[in-house]
Amino acid sequence: MSDLKQIQEWMVGVITHPKGAVIGAEETSINDQHWNIQSVVSPSDTLTSEQRIGIYHNGYFARLIECFKVEYRGLLNALGEKLFQHFAWNFLLEHPSTSYTLNDLGKLFPSFLESTLLENESAPESWQLFILDVAKFERTFTEVYNGEGHETLLDTKSSNQLQTSPAIVMLDLKFPVAECIGHFREDNFTSFPEPMISHYVFTRQNYMVKVYRLEDSEYQILLDWKSGVLDSCPDTFRQKWKAIGVGY
Amino acid sequence: MNSDAEVSASHFLFEMEKEKAFPYLGFGLGLRSKHFQYILNNKPEIDWFEIISENFIDSKGFPRYVIHQIAERYPVVMHGVSMSIGSTDPINFDYLKKLKVMEKEINAQWISDHLCWTGVLGKNTHDLLPLPLNEETLKHVVERIKVVSDFLERPLVLENPSSYLQFKSDTLTEWDFIREMANQSDCRLLLDLNNVYVSSFNHQFDPFEYVKALPLEKVVQFHLAGHLNKGTHIIDTHDNHVVQAVWELYQKTIQLTGPVSTLLEWDSNIPEFPELKKEVLKAKAIFENGKLPEEVLISNNTETVSNALSTTPAI
Ligand SMILES: [Fe+2]
(Lines give C-alpha, C1' and ligand atoms only; values in the text may rest on other atoms or scores of the structure.)
Protein backbone atom coordinates (compact mmCIF):
# COMPACT_ATOMS: atom_id res chain seq x y z
CA MET A 1 0.00 0.00 0.00
CA SER A 2 1.54 3.36 -0.88
CA ASP A 3 -1.16 5.96 -1.35
CA LEU A 4 -1.03 8.35 1.62
CA LYS A 5 -4.79 8.70 1.92
CA GLN A 6 -5.30 4.95 1.93
CA ILE A 7 -2.63 4.43 4.57
CA GLN A 8 -4.22 7.07 6.79
CA GLU A 9 -7.71 5.66 6.46
CA TRP A 10 -6.39 2.16 7.14
CA MET A 11 -4.39 3.26 10.17
CA VAL A 12 -7.27 5.13 11.80
CA GLY A 13 -9.48 2.08 11.19
CA VAL A 14 -6.91 -0.17 12.86
CA ILE A 15 -5.93 1.95 15.87
CA THR A 16 -9.48 2.91 16.79
CA HIS A 17 -10.92 -0.58 16.39
CA PRO A 18 -12.62 -1.89 19.56
CA LYS A 19 -11.19 -5.39 19.24
CA GLY A 20 -7.53 -4.43 19.01
CA ALA A 21 -5.15 -3.69 16.15
CA VAL A 22 -4.89 -7.25 14.76
CA ILE A 23 -8.63 -7.81 14.42
CA GLY A 24 -8.89 -4.15 13.45
CA ALA A 25 -6.71 -4.85 10.41
CA GLU A 26 -8.79 -7.91 9.50
CA GLU A 27 -11.98 -5.89 9.68
CA THR A 28 -10.77 -2.67 8.05
CA SER A 29 -11.13 -2.50 4.31
CA ILE A 30 -10.09 0.36 2.07
CA ASN A 31 -11.66 0.32 -1.40
CA ASP A 32 -12.81 -3.25 -0.69
CA GLN A 33 -9.26 -4.40 0.01
CA HIS A 34 -7.73 -5.72 3.22
CA TRP A 35 -4.12 -5.28 4.25
CA ASN A 36 -2.42 -7.24 6.95
CA ILE A 37 -0.33 -5.24 9.36
CA GLN A 38 2.96 -6.74 8.19
CA SER A 39 2.39 -5.50 4.68
CA VAL A 40 2.10 -1.87 5.88
CA VAL A 41 4.25 -1.61 9.02
CA SER A 42 7.89 -2.70 9.32
CA PRO A 43 8.98 -4.63 12.41
CA SER A 44 11.92 -3.49 14.55
CA ASP A 45 14.59 -5.74 16.12
CA THR A 46 12.56 -5.83 19.34
CA LEU A 47 8.91 -5.45 18.29
CA THR A 48 6.75 -7.06 15.62
CA SER A 49 4.72 -4.94 13.21
CA GLU A 50 1.61 -5.83 15.22
CA GLN A 51 3.20 -4.73 18.50
CA ARG A 52 4.35 -1.46 16.97
CA ILE A 53 0.94 -0.43 15.67
CA GLY A 54 -0.52 -1.79 18.92
CA ILE A 55 1.23 1.04 20.77
CA TYR A 56 -0.92 3.52 18.84
CA HIS A 57 -4.06 1.44 19.47
CA ASN A 58 -3.40 1.41 23.23
CA GLY A 59 -2.51 5.08 23.14
CA TYR A 60 -5.73 6.09 21.40
CA PHE A 61 -8.06 4.65 24.01
CA ALA A 62 -5.81 5.32 27.00
CA ARG A 63 -5.24 8.98 26.11
CA LEU A 64 -8.85 9.85 25.55
CA ILE A 65 -10.11 7.93 28.57
CA GLU A 66 -7.47 9.77 30.59
CA CYS A 67 -9.06 13.06 29.49
CA PHE A 68 -12.44 11.79 30.70
CA LYS A 69 -10.90 10.83 34.01
CA VAL A 70 -9.64 14.36 34.56
CA GLU A 71 -12.92 16.01 33.62
CA TYR A 72 -15.15 13.44 35.34
CA ARG A 73 -13.01 12.62 38.34
CA GLY A 74 -15.96 12.53 40.77
CA LEU A 75 -17.83 10.22 38.43
CA LEU A 76 -14.76 7.98 38.15
CA ASN A 77 -14.56 7.63 41.92
CA ALA A 78 -18.29 7.05 42.27
CA LEU A 79 -18.45 4.40 39.52
CA GLY A 80 -15.10 2.79 40.19
CA GLU A 81 -12.33 2.35 37.61
CA LYS A 82 -13.78 -0.69 35.81
CA LEU A 83 -17.29 0.59 35.23
CA PHE A 84 -16.04 4.08 34.34
CA GLN A 85 -13.65 2.61 31.73
CA HIS A 86 -16.51 0.55 30.32
CA PHE A 87 -18.71 3.61 29.81
CA ALA A 88 -15.92 5.84 28.53
CA TRP A 89 -14.77 3.16 26.07
CA ASN A 90 -18.27 2.64 24.70
CA PHE A 91 -18.80 6.37 24.49
CA LEU A 92 -15.66 6.76 22.38
CA LEU A 93 -16.84 4.07 20.00
CA GLU A 94 -20.16 5.79 19.56
CA HIS A 95 -18.85 9.38 19.59
CA PRO A 96 -15.27 9.54 18.31
CA SER A 97 -13.78 13.03 18.36
CA THR A 98 -14.39 15.04 15.23
CA SER A 99 -13.01 18.29 16.57
CA TYR A 100 -9.51 19.76 16.78
CA THR A 101 -10.10 20.38 20.47
CA LEU A 102 -10.49 17.97 23.37
CA ASN A 103 -12.81 20.43 25.12
CA ASP A 104 -15.78 19.11 23.16
CA LEU A 105 -15.04 15.45 23.77
CA GLY A 106 -16.90 15.07 27.06
CA LYS A 107 -19.85 17.22 26.08
CA LEU A 108 -22.20 14.39 25.19
CA PHE A 109 -21.01 12.05 27.95
CA PRO A 110 -23.84 12.90 30.40
CA SER A 111 -26.55 12.32 27.79
CA PHE A 112 -24.79 9.14 26.64
CA LEU A 113 -24.79 7.86 30.23
CA GLU A 114 -28.42 8.78 30.59
CA SER A 115 -29.48 6.82 27.51
CA THR A 116 -27.22 3.88 28.44
CA LEU A 117 -28.13 3.68 32.10
CA LEU A 118 -31.83 4.32 31.78
CA GLU A 119 -32.38 2.24 28.66
CA ASN A 120 -35.19 -0.24 29.43
CA GLU A 121 -35.41 1.07 32.99
CA SER A 122 -38.96 1.89 33.99
CA ALA A 123 -37.91 2.53 37.59
CA PRO A 124 -34.27 3.64 37.67
CA GLU A 125 -32.35 2.85 40.82
CA SER A 126 -31.16 5.59 43.11
CA TRP A 127 -27.47 5.04 42.30
CA GLN A 128 -28.16 5.44 38.58
CA LEU A 129 -29.84 8.78 39.13
CA PHE A 130 -26.99 9.90 41.35
CA ILE A 131 -24.41 8.98 38.70
CA LEU A 132 -26.27 11.05 36.12
CA ASP A 133 -26.39 14.03 38.48
CA VAL A 134 -22.64 13.84 39.06
CA ALA A 135 -21.94 13.69 35.32
CA LYS A 136 -24.16 16.71 34.63
CA PHE A 137 -22.57 18.63 37.46
CA GLU A 138 -18.98 18.01 36.36
CA ARG A 139 -19.69 18.87 32.72
CA THR A 140 -21.44 22.09 33.74
CA PHE A 141 -18.44 23.05 35.83
CA THR A 142 -16.11 22.64 32.80
CA GLU A 143 -18.40 24.66 30.57
CA VAL A 144 -18.76 27.54 33.02
CA TYR A 145 -14.99 27.57 33.57
CA ASN A 146 -14.26 27.88 29.85
CA GLY A 147 -17.31 29.76 28.70
CA GLU A 148 -18.32 33.39 28.49
CA GLY A 149 -18.35 35.39 31.73
CA HIS A 150 -19.09 38.99 32.60
CA GLU A 151 -15.51 39.81 33.69
CA THR A 152 -14.66 41.67 30.50
CA LEU A 153 -18.12 43.23 30.18
CA LEU A 154 -17.88 45.26 33.39
CA ASP A 155 -15.86 48.08 31.77
CA THR A 156 -18.24 48.57 28.86
CA LYS A 157 -21.50 48.25 30.75
CA SER A 158 -23.59 51.36 30.15
CA SER A 159 -26.72 50.98 32.26
CA ASN A 160 -26.97 50.73 36.04
CA GLN A 161 -29.54 47.97 35.79
CA LEU A 162 -28.43 44.58 37.01
CA GLN A 163 -28.12 42.13 34.11
CA THR A 164 -27.82 38.35 34.19
CA SER A 165 -24.23 37.20 33.80
CA PRO A 166 -23.61 35.18 30.61
CA ALA A 167 -21.78 32.70 32.84
CA ILE A 168 -24.71 31.48 34.87
CA VAL A 169 -26.05 27.97 34.43
CA MET A 170 -28.88 26.55 36.52
CA LEU A 171 -29.08 22.89 37.41
CA ASP A 172 -31.97 21.04 38.93
CA LEU A 173 -30.65 17.82 40.49
CA LYS A 174 -32.02 14.98 42.58
CA PHE A 175 -28.97 14.73 44.84
CA PRO A 176 -26.87 17.22 46.84
CA VAL A 177 -23.90 16.85 44.45
CA ALA A 178 -22.30 20.23 45.16
CA GLU A 179 -22.03 19.42 48.85
CA CYS A 180 -20.18 16.16 48.29
CA ILE A 181 -18.36 16.47 44.93
CA GLY A 182 -15.18 17.94 46.41
CA HIS A 183 -14.96 14.91 48.66
CA PHE A 184 -15.50 12.49 45.76
CA ARG A 185 -12.93 14.13 43.60
CA GLU A 186 -10.40 13.71 46.38
CA ASP A 187 -10.77 9.92 46.12
CA ASN A 188 -12.83 9.82 49.32
CA PHE A 189 -15.96 8.27 47.92
CA THR A 190 -17.56 5.91 50.42
CA SER A 191 -21.31 5.85 49.74
CA PHE A 192 -24.01 7.62 47.78
CA PRO A 193 -25.73 10.49 49.58
CA GLU A 194 -29.44 10.42 50.32
CA PRO A 195 -31.61 11.97 47.58
CA MET A 196 -32.49 15.62 48.10
CA ILE A 197 -33.98 18.00 45.55
CA SER A 198 -31.12 20.40 44.80
CA HIS A 199 -31.41 23.64 42.85
CA TYR A 200 -28.01 25.05 41.95
CA VAL A 201 -26.75 28.08 40.13
CA PHE A 202 -23.23 28.11 38.69
CA THR A 203 -21.68 31.56 38.50
CA ARG A 204 -18.24 32.93 37.75
CA GLN A 205 -16.46 35.74 39.52
CA ASN A 206 -12.95 36.81 38.62
CA TYR A 207 -12.79 33.73 36.40
CA MET A 208 -13.45 31.38 39.32
CA VAL A 209 -16.47 29.07 39.14
CA LYS A 210 -18.80 29.23 42.15
CA VAL A 211 -21.82 27.04 42.83
CA TYR A 212 -24.71 28.13 45.11
CA ARG A 213 -27.75 26.25 46.37
CA LEU A 214 -31.01 28.13 45.89
CA GLU A 215 -34.37 27.65 47.57
CA ASP A 216 -37.12 26.49 45.24
CA SER A 217 -38.83 29.91 45.10
CA GLU A 218 -35.61 31.81 44.46
CA TYR A 219 -34.64 29.30 41.77
CA GLN A 220 -37.98 29.81 39.98
CA ILE A 221 -37.66 33.61 40.11
CA LEU A 222 -34.10 33.45 38.78
CA LEU A 223 -35.26 31.19 35.95
CA ASP A 224 -37.89 33.82 35.09
CA TRP A 225 -35.38 36.66 35.18
CA LYS A 226 -32.84 34.74 33.14
CA SER A 227 -35.36 33.78 30.46
CA GLY A 228 -36.74 37.31 30.21
CA VAL A 229 -40.17 36.58 31.73
CA LEU A 230 -39.22 39.20 34.32
CA ASP A 231 -37.77 42.28 32.68
CA SER A 232 -35.72 43.38 35.66
CA CYS A 233 -34.13 41.87 38.72
CA PRO A 234 -36.56 41.72 41.68
CA ASP A 235 -35.48 44.08 44.50
CA THR A 236 -35.45 41.28 47.09
CA PHE A 237 -32.56 39.55 45.35
CA ARG A 238 -30.67 42.45 43.78
CA GLN A 239 -27.96 42.70 46.41
CA LYS A 240 -27.43 38.99 46.87
CA TRP A 241 -27.40 38.16 43.16
CA LYS A 242 -24.90 40.89 42.47
CA ALA A 243 -22.71 39.68 45.33
CA ILE A 244 -22.66 36.07 44.12
CA GLY A 245 -22.15 36.95 40.45
CA VAL A 246 -25.58 35.94 39.17
CA GLY A 247 -25.90 39.47 37.86
CA TYR A 248 -23.46 42.27 37.11
CA MET B 1 23.30 39.41 -12.26
CA ASN B 2 23.96 40.41 -8.64
CA SER B 3 27.34 41.72 -7.64
CA ASP B 4 29.08 40.15 -4.64
CA ALA B 5 28.20 43.25 -2.58
CA GLU B 6 24.51 42.90 -3.47
CA VAL B 7 24.54 39.22 -2.58
CA SER B 8 26.12 39.79 0.83
CA ALA B 9 23.80 42.74 1.52
CA SER B 10 20.73 40.64 0.80
CA HIS B 11 22.15 37.79 2.87
CA PHE B 12 22.66 40.26 5.73
CA LEU B 13 19.06 41.46 5.37
CA PHE B 14 17.86 37.86 5.40
CA GLU B 15 19.75 37.23 8.63
CA MET B 16 18.32 40.44 10.12
CA GLU B 17 14.81 39.32 9.18
CA LYS B 18 15.43 35.93 10.74
CA GLU B 19 16.66 37.58 13.95
CA LYS B 20 13.54 39.69 14.07
CA ALA B 21 11.14 36.84 13.27
CA PHE B 22 12.76 34.28 15.53
CA PRO B 23 14.64 36.03 18.32
CA TYR B 24 16.69 34.03 20.78
CA LEU B 25 14.51 33.70 23.88
CA GLY B 26 16.74 31.78 26.30
CA PHE B 27 15.40 28.98 28.52
CA GLY B 28 11.64 28.54 28.86
CA LEU B 29 8.96 26.27 30.22
CA GLY B 30 5.77 24.76 28.84
CA LEU B 31 2.89 26.57 30.56
CA ARG B 32 0.55 24.13 32.33
CA SER B 33 -2.71 24.92 34.18
CA LYS B 34 -1.30 23.49 37.40
CA HIS B 35 1.05 26.48 37.61
CA PHE B 36 -1.32 29.29 36.58
CA GLN B 37 -1.90 30.56 40.09
CA TYR B 38 1.74 30.21 41.11
CA ILE B 39 2.91 32.25 38.14
CA LEU B 40 0.30 34.98 38.67
CA ASN B 41 1.16 35.24 42.36
CA ASN B 42 4.93 34.90 42.23
CA LYS B 43 5.90 36.21 38.79
CA PRO B 44 8.85 33.79 38.72
CA GLU B 45 12.00 34.65 36.86
CA ILE B 46 11.90 32.61 33.69
CA ASP B 47 12.90 33.64 30.17
CA TRP B 48 9.77 32.61 28.30
CA PHE B 49 6.74 30.31 28.12
CA GLU B 50 5.30 28.02 25.47
CA ILE B 51 1.56 27.32 25.46
CA ILE B 52 -0.37 24.40 23.97
CA SER B 53 -2.48 26.54 21.66
CA GLU B 54 -5.60 24.34 21.85
CA ASN B 55 -5.84 24.86 25.60
CA PHE B 56 -6.32 28.61 25.11
CA ILE B 57 -7.79 29.49 21.73
CA ASP B 58 -11.36 28.54 22.66
CA SER B 59 -11.29 29.63 26.28
CA LYS B 60 -13.34 32.61 27.33
CA GLY B 61 -12.46 32.04 30.95
CA PHE B 62 -9.51 31.73 33.27
CA PRO B 63 -6.98 30.23 30.79
CA ARG B 64 -7.44 33.16 28.42
CA TYR B 65 -7.19 35.66 31.26
CA VAL B 66 -4.01 33.95 32.48
CA ILE B 67 -2.32 33.95 29.10
CA HIS B 68 -3.05 37.66 28.66
CA GLN B 69 -1.46 38.36 32.04
CA ILE B 70 1.55 36.18 31.29
CA ALA B 71 2.05 37.64 27.82
CA GLU B 72 2.38 41.10 29.35
CA ARG B 73 5.44 39.98 31.27
CA TYR B 74 7.02 37.10 29.32
CA PRO B 75 7.60 36.23 25.65
CA VAL B 76 5.16 33.48 24.61
CA VAL B 77 5.36 30.90 21.83
CA MET B 78 2.28 29.07 20.54
CA HIS B 79 2.72 25.32 20.11
CA GLY B 80 -0.17 23.35 18.64
CA VAL B 81 -1.14 19.70 18.41
CA SER B 82 -4.06 19.84 15.96
CA MET B 83 -2.84 21.32 12.68
CA SER B 84 -2.48 17.83 11.22
CA ILE B 85 -0.19 19.14 8.51
CA GLY B 86 0.30 15.66 7.02
CA SER B 87 -3.36 14.63 6.91
CA THR B 88 -5.14 14.11 3.60
CA ASP B 89 -8.21 15.81 5.08
CA PRO B 90 -8.73 19.48 4.11
CA ILE B 91 -6.86 22.08 6.16
CA ASN B 92 -9.05 23.43 8.97
CA PHE B 93 -9.07 27.18 8.36
CA ASP B 94 -11.37 27.88 11.31
CA TYR B 95 -8.69 26.46 13.55
CA LEU B 96 -5.99 28.52 11.81
CA LYS B 97 -8.13 31.63 12.20
CA LYS B 98 -8.28 31.07 15.95
CA LEU B 99 -4.51 30.66 16.07
CA LYS B 100 -4.13 33.95 14.27
CA VAL B 101 -6.47 35.75 16.65
CA MET B 102 -4.58 34.49 19.68
CA GLU B 103 -1.22 35.22 18.09
CA LYS B 104 -2.22 38.88 17.78
CA GLU B 105 -3.70 39.01 21.28
CA ILE B 106 -0.58 37.76 22.99
CA ASN B 107 1.99 38.91 20.46
CA ALA B 108 3.23 35.32 20.08
CA GLN B 109 6.85 34.96 19.03
CA TRP B 110 6.04 32.15 16.61
CA ILE B 111 3.54 29.36 15.91
CA SER B 112 4.61 25.74 15.83
CA ASP B 113 3.09 22.30 15.38
CA HIS B 114 4.30 18.80 14.52
CA LEU B 115 5.32 16.92 11.40
CA CYS B 116 2.49 14.42 11.74
CA TRP B 117 -1.19 13.83 11.14
CA THR B 118 -3.86 13.43 13.81
CA GLY B 119 -6.79 11.90 11.94
CA VAL B 120 -8.60 11.47 8.64
CA LEU B 121 -12.18 11.46 7.27
CA GLY B 122 -13.08 13.93 10.00
CA LYS B 123 -12.11 11.63 12.86
CA ASN B 124 -9.49 13.00 15.25
CA THR B 125 -7.38 10.54 17.25
CA HIS B 126 -5.68 13.38 19.17
CA ASP B 127 -2.41 11.56 18.67
CA LEU B 128 0.63 12.75 16.74
CA LEU B 129 0.65 9.96 14.16
CA PRO B 130 3.70 9.14 12.02
CA LEU B 131 3.74 9.74 8.28
CA PRO B 132 5.07 7.39 5.62
CA LEU B 133 8.38 9.02 4.70
CA ASN B 134 8.48 9.13 0.90
CA GLU B 135 8.28 11.57 -2.01
CA GLU B 136 4.48 11.53 -2.12
CA THR B 137 4.21 12.59 1.52
CA LEU B 138 6.99 15.14 1.13
CA LYS B 139 5.19 16.85 -1.75
CA HIS B 140 1.90 16.82 0.16
CA VAL B 141 3.43 18.29 3.32
CA VAL B 142 5.43 20.96 1.49
CA GLU B 143 2.30 22.13 -0.35
CA ARG B 144 0.33 22.35 2.87
CA ILE B 145 3.09 24.20 4.72
CA LYS B 146 2.91 26.87 2.00
CA VAL B 147 -0.87 27.19 2.34
CA VAL B 148 -0.68 27.42 6.12
CA SER B 149 2.17 29.92 6.27
CA ASP B 150 0.49 32.09 3.62
CA PHE B 151 -2.65 32.11 5.74
CA LEU B 152 -0.82 32.76 9.00
CA GLU B 153 1.36 35.36 7.23
CA ARG B 154 4.45 33.98 8.93
CA PRO B 155 6.72 30.97 8.51
CA LEU B 156 5.43 27.87 10.22
CA VAL B 157 7.68 26.06 12.69
CA LEU B 158 7.46 22.26 12.63
CA GLU B 159 8.65 19.77 15.21
CA ASN B 160 10.08 16.31 14.59
CA PRO B 161 7.70 13.85 16.28
CA SER B 162 8.59 10.80 18.33
CA SER B 163 7.34 7.60 16.70
CA TYR B 164 6.82 3.94 17.42
CA LEU B 165 6.57 2.49 13.93
CA GLN B 166 7.92 2.80 10.41
CA PHE B 167 6.08 2.10 7.18
CA LYS B 168 7.00 -0.41 4.48
CA SER B 169 6.49 2.43 2.01
CA ASP B 170 9.21 4.61 3.60
CA THR B 171 11.88 5.53 1.09
CA LEU B 172 13.49 8.41 3.01
CA THR B 173 15.04 8.63 6.47
CA GLU B 174 13.34 11.09 8.80
CA TRP B 175 16.33 13.45 8.70
CA ASP B 176 16.39 13.43 4.88
CA PHE B 177 12.65 14.06 4.83
CA ILE B 178 12.94 16.99 7.23
CA ARG B 179 15.92 18.46 5.42
CA GLU B 180 14.07 18.34 2.10
CA MET B 181 10.89 19.69 3.69
CA ALA B 182 12.79 22.66 5.14
CA ASN B 183 14.63 23.29 1.87
CA GLN B 184 11.51 23.14 -0.28
CA SER B 185 9.31 25.30 1.98
CA ASP B 186 9.86 28.35 4.15
CA CYS B 187 9.28 26.43 7.37
CA ARG B 188 11.62 26.52 10.36
CA LEU B 189 12.37 23.66 12.67
CA LEU B 190 11.60 22.94 16.28
CA LEU B 191 14.11 20.22 17.10
CA ASP B 192 12.87 18.03 19.92
CA LEU B 193 16.00 16.25 21.10
CA ASN B 194 14.04 13.90 23.33
CA ASN B 195 11.96 12.88 20.30
CA VAL B 196 15.12 12.28 18.29
CA TYR B 197 16.39 10.07 21.09
CA VAL B 198 13.05 8.22 21.49
CA SER B 199 12.80 7.52 17.76
CA SER B 200 16.49 6.58 17.54
CA PHE B 201 15.90 3.91 20.20
CA ASN B 202 12.67 2.70 18.59
CA HIS B 203 14.06 2.63 15.06
CA GLN B 204 17.71 1.90 15.81
CA PHE B 205 19.65 4.84 14.42
CA ASP B 206 22.31 7.14 15.83
CA PRO B 207 20.59 10.27 17.26
CA PHE B 208 23.57 12.55 16.65
CA GLU B 209 23.85 11.43 13.02
CA TYR B 210 20.20 12.51 12.69
CA VAL B 211 20.95 15.93 14.20
CA LYS B 212 24.06 16.50 12.04
CA ALA B 213 22.09 15.75 8.87
CA LEU B 214 19.53 18.51 9.53
CA PRO B 215 19.76 22.06 8.15
CA LEU B 216 20.63 23.38 11.61
CA GLU B 217 20.44 27.03 10.50
CA LYS B 218 16.67 26.48 10.25
CA VAL B 219 16.34 25.31 13.84
CA VAL B 220 14.72 28.09 15.89
CA GLN B 221 13.85 26.11 19.01
CA PHE B 222 14.72 23.01 21.00
CA HIS B 223 12.40 20.85 23.08
CA LEU B 224 13.62 18.74 25.98
CA ALA B 225 11.46 16.28 27.94
CA GLY B 226 11.43 13.01 29.85
CA HIS B 227 10.30 9.60 28.59
CA LEU B 228 9.63 6.03 29.70
CA ASN B 229 11.98 3.27 28.58
CA LYS B 230 10.07 -0.03 28.43
CA GLY B 231 13.14 -2.04 27.41
CA THR B 232 11.92 -3.01 23.97
CA HIS B 233 10.84 0.51 23.09
CA ILE B 234 10.52 4.02 24.52
CA ILE B 235 7.22 5.84 25.08
CA ASP B 236 7.37 9.63 24.92
CA THR B 237 5.53 10.31 28.19
CA HIS B 238 6.80 13.81 29.18
CA ASP B 239 6.30 12.75 32.78
CA ASN B 240 9.78 12.78 34.18
CA HIS B 241 13.26 14.27 34.25
CA VAL B 242 15.22 14.55 31.02
CA VAL B 243 17.46 11.46 30.75
CA GLN B 244 21.23 11.77 30.71
CA ALA B 245 21.57 10.61 27.11
CA VAL B 246 19.30 13.47 25.99
CA TRP B 247 21.33 16.01 27.99
CA GLU B 248 24.43 14.68 26.25
CA LEU B 249 22.72 15.01 22.87
CA TYR B 250 21.77 18.58 23.77
CA GLN B 251 25.35 19.34 24.78
CA LYS B 252 26.72 18.08 21.46
CA THR B 253 23.97 19.74 19.41
CA ILE B 254 24.39 23.26 20.81
CA GLN B 255 28.06 23.08 19.93
CA LEU B 256 26.89 22.97 16.32
CA THR B 257 24.00 25.44 16.53
CA GLY B 258 25.08 28.06 19.07
CA PRO B 259 22.31 29.69 21.12
CA VAL B 260 18.84 28.41 20.24
CA SER B 261 15.69 29.06 22.32
CA THR B 262 15.30 26.02 24.57
CA LEU B 263 12.13 24.75 26.19
CA LEU B 264 11.35 22.05 28.75
CA GLU B 265 8.06 20.11 28.36
CA TRP B 266 6.50 18.23 31.28
CA ASP B 267 2.90 17.05 30.81
CA SER B 268 2.10 14.29 33.31
CA ASN B 269 3.06 13.87 36.97
CA ILE B 270 3.90 17.56 36.73
CA PRO B 271 6.10 18.77 39.61
CA GLU B 272 5.77 22.08 41.42
CA PHE B 273 7.00 25.11 39.49
CA PRO B 274 10.36 25.50 41.26
CA GLU B 275 11.34 21.91 40.42
CA LEU B 276 10.32 22.42 36.81
CA LYS B 277 12.45 25.53 36.67
CA LYS B 278 15.41 23.63 38.14
CA GLU B 279 15.14 21.14 35.29
CA VAL B 280 15.36 23.77 32.55
CA LEU B 281 18.21 25.50 34.36
CA LYS B 282 20.19 22.30 33.79
CA ALA B 283 20.04 23.16 30.08
CA LYS B 284 21.25 26.67 30.85
CA ALA B 285 24.21 25.27 32.83
CA ILE B 286 25.15 23.03 29.89
CA PHE B 287 24.92 25.99 27.54
CA GLU B 288 26.92 28.34 29.77
CA ASN B 289 29.67 26.07 31.08
CA GLY B 290 29.25 22.76 29.31
CA LYS B 291 28.43 21.09 32.60
CA LEU B 292 26.18 18.01 32.42
CA PRO B 293 23.76 17.58 35.35
CA GLU B 294 23.90 14.78 37.91
CA GLU B 295 22.05 11.77 36.59
CA VAL B 296 18.62 11.05 38.11
CA LEU B 297 18.73 7.30 38.81
CA ILE B 298 15.37 6.63 40.44
CA SER B 299 12.05 8.12 39.45
CA ASN B 300 8.51 7.15 40.36
CA ASN B 301 7.34 6.74 36.83
CA THR B 302 3.88 5.29 36.28
CA GLU B 303 2.47 6.85 33.14
CA THR B 304 2.36 4.92 29.90
CA VAL B 305 0.40 7.27 27.67
CA SER B 306 2.31 9.65 25.49
CA ASN B 307 1.75 13.41 25.63
CA ALA B 308 -1.32 13.92 27.80
CA LEU B 309 -3.14 16.89 26.35
CA SER B 310 -6.02 17.73 28.65
CA THR B 311 -6.13 20.74 30.93
CA THR B 312 -9.49 20.46 32.60
CA PRO B 313 -9.49 22.38 35.88
CA ALA B 314 -9.88 20.87 39.30
CA ILE B 315 -13.19 21.52 41.05
FE1 LIG C 1 8.15 18.29 21.81
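Note on naming: letters A, B, ... go to the chains in the order of the sequence lines (proteins, then strands), and numbering restarts at 1 for each one. Excluded from the calculations below are hydrogen atoms, water molecules and symmetry mates; all remaining heavy atoms, backbone and side chain alike, are included. All values derive from a computational prediction rather than experimental measurement.
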Participant: Could you report the tightest heavy-atom contact between B:T125 and A:I15, atom names first, then the distance?
Facilitator: CG2-CD1, 4.2 Å

Participant: Is there a side-chain contact between B:K123 and A:T98 (heavy atoms, below 4.5 Å)?
Facilitator: no

Participant: Quick one, A:M208 and B:F62 - any side-chain contact, counting heavy atoms below 4.5 Å?
Facilitator: yes

Participant: Got a sec: does the NZ of A:K19 have more than 12 other heavy atoms crowding it under 6.0 Å?
Facilitator: no

Participant: Quick one: what part of A:I55 sits under 4.5 Å from any heavy atom of chain B, side chain, backbone, both or neither?
Facilitator: side chain

Participant: Check whether A:Q51 gets within reach of chain B through its side chain, its backbone, both or neither, counting any heavy atom under 4.5 Å.
Facilitator: neither

Participant: If we ignore angles and hydrogens, is there a donor and acceptor under 3.5 Å between the side chains of A:Q8 and B:T88?
Facilitator: yes

Participant: Would you say that A:S42 contacts B:D170 through its side chain, given a criterion of any heavy-atom pair below 4.5 Å between the two side chains?
Facilitator: no

Participant: For A:S49, is it the side chain, the backbone, both or neither that has a heavy atom under 4.5 Å from a heavy atom of chain B?
Facilitator: neither

Participant: Checking A:R204 against chain B: side chain, backbone, both or neither under 4.5 Å from a heavy atom?
Facilitator: side chain

Participant: For A:S99 and B:N124, which heavy atoms make the closest approach, and how far apart are they?
Facilitator: O-ND2, 2.8 Å

Participant: Apply salt bridge (charged side-chain N to carboxylate O under 4.0 Å, His left out) to B:E180 and list each qualifying residue two or more places apart in sequence or on a separate chain.
Facilitator: none

Participant: So A:V41 and B:K168, do their side chains get closer than 4.5 Å, heavy atoms only?
Facilitator: no

Participant: Using the six-membered ring wherever Trp is involved, compare the ring planes of A:Y56 and B:Y164 and label them parallel, tilted or perpendicular (cut-offs 30° and 60°).
Facilitator: tilted

Participant: Do you know which of B:H203, B:R64, B:Q166, B:H233 has the most heavy-atom pairs with chain A at a distance under 4.5 angstrom?
Facilitator: B:Q166

Participant: Going by atom types only, do A:S97 and B:H126 share a side-chain donor-acceptor pair under 3.5 Å?
Facilitator: yes

Participant: What residue, out of A:T16, A:T152, A:L92, A:T46, has the most heavy-atom pairs lying under 4.5 Å from chain B?
Facilitator: A:T46

Participant: Tell me the closest heavy-atom pair linking B:S169 and A:I7, and the distance in Å.
Facilitator: OG-CD1, 3.5 Å

Participant: Any idea which heavy atoms bring B:E136 and A:L4 closest together, and the distance?
Facilitator: OE2-N, 3.0 Å

Participant: Is there side-chain contact between B:V120 and A:Q6, with at least one heavy-atom pair below 4.5 Å?
Facilitator: no

